[in-house]
Structure formats: C-alpha cells, structure tokens
There are 2 protein chains.
Amino acid sequence: MIPSKNTKFSLASPITQTTFCDLADLFKLFSDNTRLRILCCLFPKEQCVKNIAAALHMTPSAISHQLRLLKQGKLVKTQRIGQTIIYSLADEHVQSIFNQGLNHVQEGK
Amino acid sequence: MIPSKNTKFSLASPITQTTFCDLADLFKLFSDNTRLRILCCLFPKEQCVKNIAAALHMTPSAISHQLRLLKQGKLVKTQRIGQTIIYSLADEHVQSIFNQGLNHVQEGK
DNA sequence: TTAATATATGAACATGTATTCATATATCTG
DNA sequence: CAGATATATGAATACATGTTCATATATTAA
C-alpha cells in the first residue's frame, strides 16, 4: 500500500514491510563514519583487522566489532590465513552504493 | 590517508573527514524504516503531511519530526499552499540512492 | 607446553534517536 | 474576531548504538 502502482520498482516487485526493514538495515551499515572508512579501506584491496585499525587510528577491538556488523550484513566476507583474518568486500554493490551517496554529497547536496 | 590513491573517486577528489561525516549523515537519513516509507510516498508525487501520515498509519506529529530531518538533509523540499505544506523530493539522487540499495537487498544481498 | 600474536566477544557506559503527548504557530472560514 | 484545520516543536520516554576495557579463543613459534 505504501508504494504506488506507478513507480518503476514496485512494478518489478512490490516493496513489502520486510523489504523496507532490510533496506533500512542496509543503509544503517553505511550510516556510521567508522564503517564507511573501513569499507573505503577495502576498496583498493583486502585487509586484515590490524591494518584497518592502524589505518583508521583505532583499536582492533573497535574495528572488530564493526567488521562483525558488516559481515552480518553481508557487506564483507572473510578468509583466514594463519592467525590473521582477511576482510574483503562481499560484492561490487557495496562500492556502488558508496559512490552513489558520494556523488550526492559532493555535488553540494 | 584513508582512501588509497588508486580508487576512482579519490582520484577525482580525495575524501576528507568532513566528507565521510556528510556521507554518514546522508545514509543515516535512509537508515530508518519510517523515513524510507516517507520517501517512497514522495516518489510518485508530492504530498502533504496529513496524507503521508494517513498512508503510513502514523501521527502527523511523528511524520513532521521525520520530515524536518529529511528537509535539513536536503532530501526533500517544501511548498506552502494555504494551510497545507507540500513536501516533494529535492532531486533525482534520492530515488537513485534508494533504488541502488533496493537492488542490493532484492538480489538476495 | 609456554609465550606471543591476531582476532573476537561480553559487559558497561555514554550518547543518539524515534515516537508520544502537550502545546504552539499559522492559515482559513464564518 | 472566534473556531477549526494543518503543521511544527519541545520535553519526556524508551530503545538502539559505538567505544572501551577486560577477557576469551585461535594460531604460530620456540
């Protein structure tokens, strides 16, 4: 009932309440400064927790907590190599969404 | 120092800490169920507060509070016609960002 | 096994946030 | 003007969230 019949997206597939929640949860992951900077770290190449923490001047614990959220939201994936756990972007959508927001912000909004 | 030299966006313009904050603030506006549904209401056509509230089965007060945030973030704009204030999307970017997120969510994430 | 390193996790704390309720402002009608 | 309607706003409440700190788990090296 929320999405009108005439919008592009709702023609393809109507937006359920569950979808709205999923969508809000997705954007919530992009709504924190630290998480954005973590994702940004992962754009050029995969990284271990320690390196991300160093790059952001934050504790590995704080980064680990945020990485857990990003992983739960399927924005990043992991790969263990010995003691270290390598984090990388789950797919290209992540950077697409980031860039879309960046465009808006950088165009003076 | 956060964005590597080799990423597309940072070549065009480096991402400052201020930009990260602006970006986080932008996504924060998309990170709430109610605000997403409000924006969705505005996709097909401009709407007054009362109608949005009715469509979402919420109080005009709650909607007004959220509309204020959306307006502060320049996602919507207003136009007064007599007693009623008509809200509409500020630009096409809003729906672009929404759709980009929707694609990700609907592709099973 | 013991020590060291990398990461994860739970509790606690401080801060932020969405809604409600009461009330205020603004516009229109009579 | 008074009354009705549309919207906005401030305070209060309940709940969510990010970081820190202490501690736990897992892997490697000696």
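Treat the numbers as computed from the prediction; the structure is a model and nothing was measured.
Side-chain contact between Glu107(A) and His93(B) is present, with at least one heavy-atom pair separated by less than 4.5 Å. Put simply, the side chain of Phe30(B) does not reach to within 4.5 Å of the side chain of Leu23(A), judged on heavy atoms. Side-chain atoms of Leu75(A) and Leu69(A), non-hydrogen and from C-beta on, never get closer than 4.5 Å to each other.
Under a 3.5 Å cut-off, the side chain of Lys77(A) and the backbone N or O of Lys71(A) do not form any donor-acceptor pair.
Computed from coordinates, the Ile85(A) CD1 to dA26(D) C1' distance equals 9 Å when rounded to whole Å. When the P atom of dG16(C) is taken as reference, atom CG of Leu29(B) falls 16 Å away, rounded to whole Å. One atom, CG of Asp25(A), and another, P of dA16(D), lie 12 Å apart when rounded to the nearest Å. Residue Ile86(A) contributes atom CD1, which lies 12 Å from atom P of dA6(C) at whole-angstrom precision. Between the CZ atom of Arg68(A) and the P atom of dG10(C) there is a distance of 7 Å, rounded to whole Å. Atom CG of Leu69(B) and atom P of dG16(C) are 14 Å apart (whole Å). Atom C1' of nucleotide dA8(D) and atom CG of Leu70(B) are separated by 15 Å, given to the nearest angstrom. When the P atom of dT19(D) is taken as reference, atom CG of Leu56(A) falls 10 Å away, rounded to whole Å.
Counted by atom type alone, Asn33(B) and Gln17(A) present one or more donor-acceptor pairs between their side chains at under 3.5 Å. For the residue pair Ser61(A) / Ser64(A), no side-chain donor-acceptor distance below 3.5 Å is found, with atom types taken as modelled.
The residue among Asp32(A) and Ser61(A) whose nearest nucleotide of DNA chain D lies closer to the 5′ end is Asp32(A). Residue-to-nucleotide proximity on DNA chain D shows that, of Gln83(A) and Lys28(A), the 5′-proximal contact is made by Lys28(A).
Against DNA chain C, the stretch residues 46-54 of chain B makes no heavy-atom approach under 4.0 Å.
By the rule that hydrophobic residues join a cluster once side-chain heavy atoms approach within less than 4.5 Å of another member, Ile86(B) and Ile38(B) end up as members of separate clusters.
Residue Tyr87(A) places at least one side-chain N or O under 4.0 Å from the OP1 or OP2 atom of dA8(C). One finds a side-chain N or O of Arg35(B) lying less than 4.0 angstrom from the OP1 or OP2 phosphate oxygen of dA18(C). Note on Gln66(A): a side-chain N or O is less than 4.0 Å away from OP1 or OP2 of dT19(D).
Among the nucleotides dA26(C), dT7(D), dT7(C), the one closest to any side-chain atom of Arg80(B) is dA26(C).
The ring of His65(A) lies on top of the base of dT9(C), close enough and flat enough: under 5.5 Å between centres, under 30° between planes.
Nucleic acid contact for Ser64(A): base, since at least one base atom lies under 4.0 Å from a heavy atom of the residue.
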